[in-house]
Each structure stands twice: as C-alpha cells, then as structure tokens.
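Only one structure is covered here, and it is reproduced in the block below.
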Amino acid sequence: MHSLRTVVPRLSLLLCLPVVACGDSSGNVTDSGPGTTTAGPTSTATEPTATGPTTAGPTTDSPPTSTSTLGTDTATGTETSPGTDTVGTETSPGTDSTDGTVTDTTATSQTNTGTDTGNGVLDINPKDVTLEIIDGAIVTQAFTATYNGVDVTGDVAWSYNKPEIGEIQVNAEFVPTGTLGGTGTLKATYQADQAETSVSVKIIKKLDPGGLEPGWGNPVGPDPSMTIVYPYNETVFPLKVAAPVVQWNNVQNGDQYKLHISEQFYDYTIYFTTNVPARHLIDAAEWIAISESGQGAQSDPISVELQRKSGNNVYESVKQTWRMAQARLPGRVYYWELPSQCGGNANGRVLSIKPSEAQANEFFQPGGCWGCHTVSRDGRTVAAVRDNGSPFPTFTIDVSVEPAVYGNIQPNPGLGGTFSAFNHDGTKLLQSNDPANAVSSLLRVIDTMNGAILNPNVLQTGCGEPAWSPDGKKIAATCGYPNGGWTFDQNQADLVVADVNPDGITVTNQKVIVPKGNDVGRPAYPNFSPGNEWIVFGRPTQGARSTGNGKLFLVGTEGNDLVMLEKASSDNKSFNPTFAPLRAGGYFWVVFMSRRDYGNTLVGANRQQLWITAINDPPNAGTDPSNPPFYVRGQEDCALSENAYFAPDPCIEEPNKVCESGIDCCSGHCIQMGEIKVCGEKGPCSEPGNACESDADCCEPGTPCIDGYCQQVFPQ
C-alpha cells in the first residue's frame with residue numbers, strides 16, 4: 001500500500017494510504033396505540049433569544065476533535081445532539097400569548113361521519129376541523145356525538161390516532177400538543193357503532209429576537225446577488241437527520257434576513273442578522289417539528305424562502321423546495337478517517353457517526369493505523385485490518401457492547417488482506433487477500449467464529465473489492481485486473497456477480513454485469529441494496545481511488561437497467577457508495593464520499609466528505625432516480641472521510657427497552673406501550689415498522705413486507 005506521506009519503502013506504513021489502500025484511497029501527500037398526553041400545552045423547548053441568530057460574526061460548523069466524541073457544532077440557533085434516540089420525548093416549541101383560530105370546514109369537506117348497524121346512526125360534530133396554533137397559543141375544540149340525533153357524547157369512547165399531534169380528553173375536548181402539526185383521525189365508538197372525522201393542527205410560529213420585522217417593508221425587486229449554496233434545491237431529507245446549516249453567498253456583513261419555512265401544517269419564520277460567510281443553523285427542535293409535521297415526501301414539499309435586507313433595500317426572496325421523507329433513517333455510518341489537515345496524528349482510524357446526531361465517535365482504539373473495514377448486517381461486528389505486519393492482520397470488533405472489544409478474531413497475520421464483506425448472518429467473511437499483486441488477488445471465505453479459511457479461492461484469480469447480498473444468496477466483486485500492484489490502483493476491471501450455493505462457501509453462475517468497456521474509469525466497490533435487487537457502485541478514473549474524477553451508478557443484479565446517478569454525483573468527484581440497511585419513506589438511501597464544496601464552509605478544499613442521497617423506490621426506468629444529496633454533519637471538516645459503510649445499530653436484546661421501530665430490537669418488534677414504544681414480541685400480526693417474512697404477516701394492508709419489515713408505501 002502507499003503511505004499518505006508519499007511513497008514510503010517501509011511496508012508497515014503502507015496501510016495508512018490505502019487504508020488509503022483501504023479506501024481511497026486517497027493518495028494525498030499529507031500527514032466523524034395512541035398514547036395519552038396531558039391536557040393543555042406542554043412546552044419544554046428553548047426558543048432562540050437575542051443571542052440565537054448570529055449578530056457579530058460568521059456562523060461556523062467546524063467540529064473539534066476529541067477521543068470519544070467529535071463534531072460539536074457552533075452555528076446559529078440552538079442545537080442539541082441526543083445521545084440516544086427515544087420515542088415520545090421530543091421537545092416542543094415555546095408558547096406566547098397570541099390567539100389562535102379554529103376552522104370548521106364542514107360545509108365543503110366532510111369525511112365519513114358514522115355507521116348504521118340497523119339500529120341507528122352515530123355522528124360526530126363538528127367535522128374536518130383544523131386548529132391553528134399561533135406562536136404557541138393552544139386552541140382546543142369540543143366535540144359532540146349523537147346517536148339518531150340524541151346526544152351521547154358522555155357515553156362515547158373517543159380516540160385519536162396521532163398522539164404526537166394532540167389528544168381527545170374524556171370530556172370530548174381535543175387538545176393539541178403544540179409541538180407538531182399534521183392531520184389525524186378522531187374516532188367515536190358507541191356500542192357497536194363507530195364514527196370518525198379528521199382533526200388537523202397547523203402550527204404558525206414567528207421568531208424575531210432582534211426586533212427586525214417592523215423595518216422590513218416591501219421588496220424593491222429581485223435580489224441582485226444572493227445565492228443559496230447549501231442545501232441544494234430539491235434535496236430529500238429523512239426524518240430525524242441533524243438540522244442543516246443553510247449557507248448563502250454574495251451578501252454583506254450586517255445584512256438582515258427573514259427565513260420562512262412552510263409546509264401544509266407548519267409555518268416557521270425567523271428574523272436575524274449575520275456576517276459573512278453567511279450561515280444559519282436551523283434550531284434542532286424547530287427542525288424536528290418541521291420534519292415530523294409533513295404529510296409525505298412528494299405531496300407536502302417544504303417551501304424555503306430566504307429574504308435579505310441590505311441597507312434600506314428589501315429584496316425579493318430567494319426560493320428553494322426541500323422534501324421530507326416520512327420515515328427515519330436507522331443506523332449509523334462507519335467510515336475511515338485520515339486527519340489530513342487536522343495536524344498531529346497521521347494515522348488512519350475508523351469512526352462511526354449517526355446522521356441524526358451530528359457527532360462522530362471513536363468507538364475503538366486498536367493502536368496505530370487501521371481501516372479496510374466492513375460491518376455485519378446486524379450491526380454488531382466490525383471487521384478491519386491493522387498496519388503492523390505483512391500481510392495486514394485481520395481482526396473483528398464486537399460493537400454490541402460499550403466500550404467495544406475485540407471479537408472472535410484477534411489481529412491475525414495469517415488472515416491478512418484488505419477489503420471484506422459479511423454474509424447475511426455474520427458467520428462468514430468474504431475477504432480479498434490483496435497480496436500487492438492484483439493479477440493473483442483472491443477472494444476467500446473466512447469463518448468469523450474462529451478465523452478458519454473455509455474456501456481459499458471463491459471466484460478466480462484477479463478479484464477484489466467484494467460485496468455480499470443481504471440475503472446471502474449473491475456476491476459481487478471487481479475482477480480481471482491486468483497488472484501487478486494494488487487492486488485499487490488498477491485501471492481495468494469488470495463488475496462480476498455470482499450466485500452463492502446452499503453450502504454458503506462456493507458459487508456458480510459467475511457473470512460480468514458491467515464490463516470496463518469504453519466508459520471513463522472502471523466499476524469499483526459494489527454494494528447491494530437492502531432488498532438484494534440492485535447494486536450501486538462508483539466509476540473512478542484513477543483505479544479505485546478517490547483522487548481523480550468519479551461518478552455513481554446503479555444497476556440490477558442481472559446487469560439490467562444500468563443508470564448513472566447524475567443528481568447525486570453531479571460534481572464528478574463522487575466515490576464508494578453504500579446503501580443504508582433499510583429503505584425509508586419511499587426511498588433507498590446511499591452514503592458516499594465526495595470532494596465537492598460544502599456550501600461556503602469547505603470551499604476548494606478538495607477533501608473527501610460523507611454525503612447521503614435519496615434514490616427513488618422503485619428507481620425510474622431509464623432515468624436518473626437519485627436526488628441532490630445532503631452533507632453528513634459532525635465530520636471533522638479538516639479530515640478526509642473514506643469508505644463509508646452504513647449499518648444498523650446493534651439491536652436491543654432486553655425486552656421493554658425504549659425503541660422506535662422493529663429494527664431497533666433483536667426480536668424485530670417494537671410495541672406501543674402507553675405513550676412510548678418498547679421492544680417486545682410479535683402479536684397476532686406485525687405492526688408497521690416491525691419484522692415480517694411476507695405481506696401476510698403485516699397488520700395493515702398499506703404496509704407490505706419490504707426488506708424484512710412492514711413498511712408504508714409512498715407514492716412518487
């Protein structure tokens with residue numbers, strides 16, 4: 001391998017570039033059931049004050065380095081990074097004293113109001129109500145139920161299916177939480193009859209800590225220079241991802257701004273001032289409220305308007321549209337980091353980062369330079385190699401405990417190699433032995449229980465960069481390297497797929513699905529989708545390194561429907577894509593490395609950083625299914641981020657522990673228990689988000705079994 005300090009003849013230093021070998025490698029020359037709520041408003045969130053928006057200088061988003069947690073942001077707004085995702089503990093926006101309004105749309109949009117069992121009709125009034133919560137002032141709504149015209153309100157069993165939006169109390173009064181907007185179904189049950197109607201809540205919130213609004217006035221015309229450089233227009237975000245830092249250029253120190261973010265059930269405005277480089281970190285609690293008040297990625301887009309006042313001139317807004325997929329992105333990204341410009345330690349190391357937390361974690365310290373990592377499908381085991389021998393010793397790490405410890409394989413020179421991939425159940429590892437002579441590189445199967453080599457040559461000579469499908473039935477690799485040297489320095493290779501035999505260690509039906517051909521670059525680092533039907537890969541121009549140009553591609557496992565992910569990799573500096581463990585909210589999600597600029601925070605740095613893109617599910621036939629990507633906050637922006645691998649968090653073994661969905665629990669089932677969800681066992685059927693084997697296992701018809709879990713299908 002090559003050293004990041006240029007080419008070093010001493011072999012023991014070579015991993016620190018391929019861990020540059022292991023990834024980039026970068027060849028740079030340098031040394032992250034409805035529950036119950038309390039009546040009336042409950043407000044615990046801290047609203048921005050006069051010190052919230054930046055008033056004296058530029059906002060920064062440059063996390064410092066530490067051993068255990070990296071990536072603390074210091075940007076405009078209030079940012080909190082929870083260490084653990086929990087259900088039912090979101091903070092709510094604060095409250096003021098402004099009146100709200102109630103809209104009764106009975107005359108124009110009635111929902112189903114009752115059922116007639118032959119004895120009578122149950123009816124709810126009013127119908128299809130929308131409550132507006134303005135600046136935190138809670139507005140309630142009383143309901144009545146009649147049976148054949150007779151008031152039975154006090155005898156009805158009431159329920160509302162969105163406790164995060166509001167609750168119906170025993171006196172038939174609906175009380176919004178004031179935290180989230182949205183729409184839900186109010187249901188009344190009387191004897192054998194039921195009636196229902198919709199109840200919606202819209203939150204309208206305006207923050208003006210500096211008292212800037214009165215001098216705003218009417219626009220004089222379009223803004224002559226201001227451009228938003230991050231996020232990108234039409235970016236798709238998942239739920240619970242860390243709030244973005246909005247960044248814009250071509251403005252002056254001291255300019256004033258009005259940021260207006262609106263969707264169907266949430267309307268948020270904040271006035272502030274900031275110097276250049278101009279940035280604004282959206283408050284974490286507000287971002288959660290905006291995100292979770294949405295009603296679908298395509299049907300309820302988020303409108304973003306940034307308006308500027310410079311001197312006495314107020315200009316028209318610069319506008320964008322964002323979309324919010326209505327599902328969280330579970331798991332974390334394990335990535336290899338080279339300190340690059342951070343100074344001091346020149347060793348590579350593997351970190352993990354949850355996209356929801358904007359905080360990197362150095363979860364293990366084996367000493368020295370290490371990398372070439374992969375993660376088991378259950379997120380409990382990491383495999384990697386160390387730079388302290390030849391070949392580079394392989395070892396495993398148990399990350400299901402804290403602190404993490406060595407797994408079943410201690411650093412073992414007899415299992416030396418570089419890249420690897422776990423099978424579906426984590427019992428086997430497919431590894432490239434990569435002997436610094438690509439034409440003789442072999443893929444072998446290793447028993448992860450004891451390190452035994454079960455098959456010394458799985459495909460053919462001249463193969464590397466292995467992948468194993470989530471169901472364990474296929475493998476992929478790049479093969480046909482023509483020259484000696486490291487595999488990742490080879491400019492010629494084909495993308496090969498083969499079927500795994502029932503013995504789990506041999507393969508048949510090997511075939512080339514993407515030849516090198518005449519296209520620029522070569523296929524590199526394939527990775528299977530969670531449903532086993534697609535492969536994503538890069539096509540770098542300098543071997544498999546991330547130092548040249550590079551685009552991302554998607555192809556079916558039979559070689560069908562090959563398409564470039566142009567929106568995701570429009571910079572032509574994108575590499576090493578991997579799928580998230582589950583699709584979510586109607587999308588596949590892919591994390592990859594890019595040397596593009598990050599707004600006005602990293603400009604011209606040419607340093608690899610982690611980005612995530614949403615891929616339409618199903619991919620549009622013959623067209624680009626990708627979307628503009630978003631930056632993974634919490635990385636050290638002075639470092640090189642390499643070889644991202646997306647995996648679930650280690651599942652929770654103990655019952656009755658708080659969870660969000662089935663993937664959090666080893667049982668596969670996260671059960672509603674009052675106001676929270678806890679790990680439990682499957683009931684008569686699988687609730688949405690819980691484990692399944694077929695559509696018949698799922699309780700709700702609109703949530704088929706996808707990637708092993710009952711998931712809602714969202715229209716494109």
Side-chain angles (χ1 to χ4, degrees), residues 1 15 18-25 334-336 348 350 364 366 369-387 389 391-399 406-436 438 441-459 462-470 472 474-479 486-488 496-498 500 504-505 507 524-528 535 537 544 576 578-579 642-647:
M1 298 180 174
L15 180 62
V19 178
V20 170
C22 295
D24 165 46
S25 220
Y334 291 84
Y335 68 103
W336 179 66
V350 179
F364 194 64
C369 181
W370 65 294
C372 296
H373 63 286
T374 189
V375 191
S376 60
R377 296 289 173 187
D378 61 6
R380 303 177 74 85
T381 308
V382 173
V385 299
R386 286 182 58 180
D387 174 27
F392 305 111
T394 300
F395 62 99
T396 57
I397 307 164
D398 182 355
V399 294
Y406 277 115
N408 293 328
I409 302 176
Q410 300 282 322
N412 187 343
L415 296 179
T418 53
F419 300 102
S420 57
F422 282 95
N423 71 336
H424 63 292
D425 61 8
T427 60
K428 300 177 181 66
L429 193 67
L430 180 66
Q431 185 187 52
S432 168
N433 72 339
D434 208 341
S441 178
L442 301 175
L443 297 180
R444 58 192 177 189
V445 176
I446 299 170
D447 189 328
T448 59
M449 300 299 106
N450 53 29
I453 297 176
L454 303 177
N455 185 344
N457 186 1
V458 179
L459 280 175
C463 291
E465 302 167 0
W468 209 322
S469 65
K474 289 183 180 291
I475 64 169
T478 55
C479 297
W486 298 107
T487 57
F488 38 80
V496 173
V497 169
V500 178
I505 61 173
V507 300
Y525 299 114
N527 184 263
F528 285 91
I535 292 175
F537 63 95
N576 296 44
T578 63
F579 280 100
E642 298 280 354
N643 291 110
Y645 196 97
F646 223 134

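All heavy atoms count here, side chains included; hydrogens, waters and symmetry mates do not.
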Taking only residues two or more places apart in sequence or in another chain, which ones pass ring-ring contact (aromatic ring centres under 6.0 Å, His included) with F364? Y406
Of all the heavy-atom pairs spanning F395 and V385, show the shortest one and how long it is. CE2-C, 3.7 Å
Set of residues satisfying ring-ring contact (aromatic ring centres under 6.0 Å, His included) with respect to Y334, sequence neighbours excluded: F363
With a 3.5 Å distance limit and no angle check, can you tell me whether N433 reaches the backbone of L442 through a side-chain donor-acceptor pair? yes
Only one of V382, T381, V375 forms a side-chain contact (heavy atoms from CB on, under 4.5 Å) with V399, so which one is it? V382
Say you draw a straight line from CG of D434 to OG1 of T487; how long is it, rounded to the nearest 0.5 Å? 3.5 Å
Which residues satisfy the side-chain hydrogen bond (donor to acceptor under 3.5 Å, both in side chains) test with D398, sequence neighbours excluded? S400
Interatomic distance, Y525 atom OH to N643 atom CG [nearest 0.5 angstrom]: 6.0 Å
With rounding to the nearest 0.5 Å, note down the distance linking CG in N457 to CG in L459. 8.0 Å
Could you tell me whether a side-chain N or O of S441 sits under 3.5 Å from a main-chain N or O of G462, the two making a donor and an acceptor? no
In terms of heavy-atom contacts, P526 and A467 come closest through O-CB, 3.3 Å
Rounded distance (nearest 0.5 Å) linking atom OG1 of T418 with atom CD of Q431: 7.0 Å
Is the backbone of A452 close enough, under 3.5 Å, to the side chain of D447 for a donor and an acceptor to pair up by distance? no
Minimum side-chain heavy-atom gap V507-I475 below 4.5 Å: yes
Would you please name every residue forming a ring-ring contact (aromatic ring centres under 6.0 Å, His included) with F422, sequence neighbours left out? none
Residues F528 and W468: closest non-hydrogen pair is CD1-C, 3.6 Å
With K428 via salt bridge (charged side-chain N to carboxylate O under 4.0 Å, His left out) - residues at least two apart: none
Sub-3.5 Å donor-acceptor pair from the side chain of T578 to the main-chain atoms of N527, do we have one? no
Shortest non-hydrogen separation from S420 to A383 and the atoms involved: OG-CB, 4.2 Å
Salt bridge (charged side-chain N to carboxylate O under 4.0 Å, His left out) involving R380 - partner list, sequence neighbours excluded: E653
T396 (side chain) donor-acceptor with I409 (main chain) under 3.5 angstrom: yes
Considering all heavy atoms, the nearest G464-L443 contact: CA-CD2, 4.0 Å
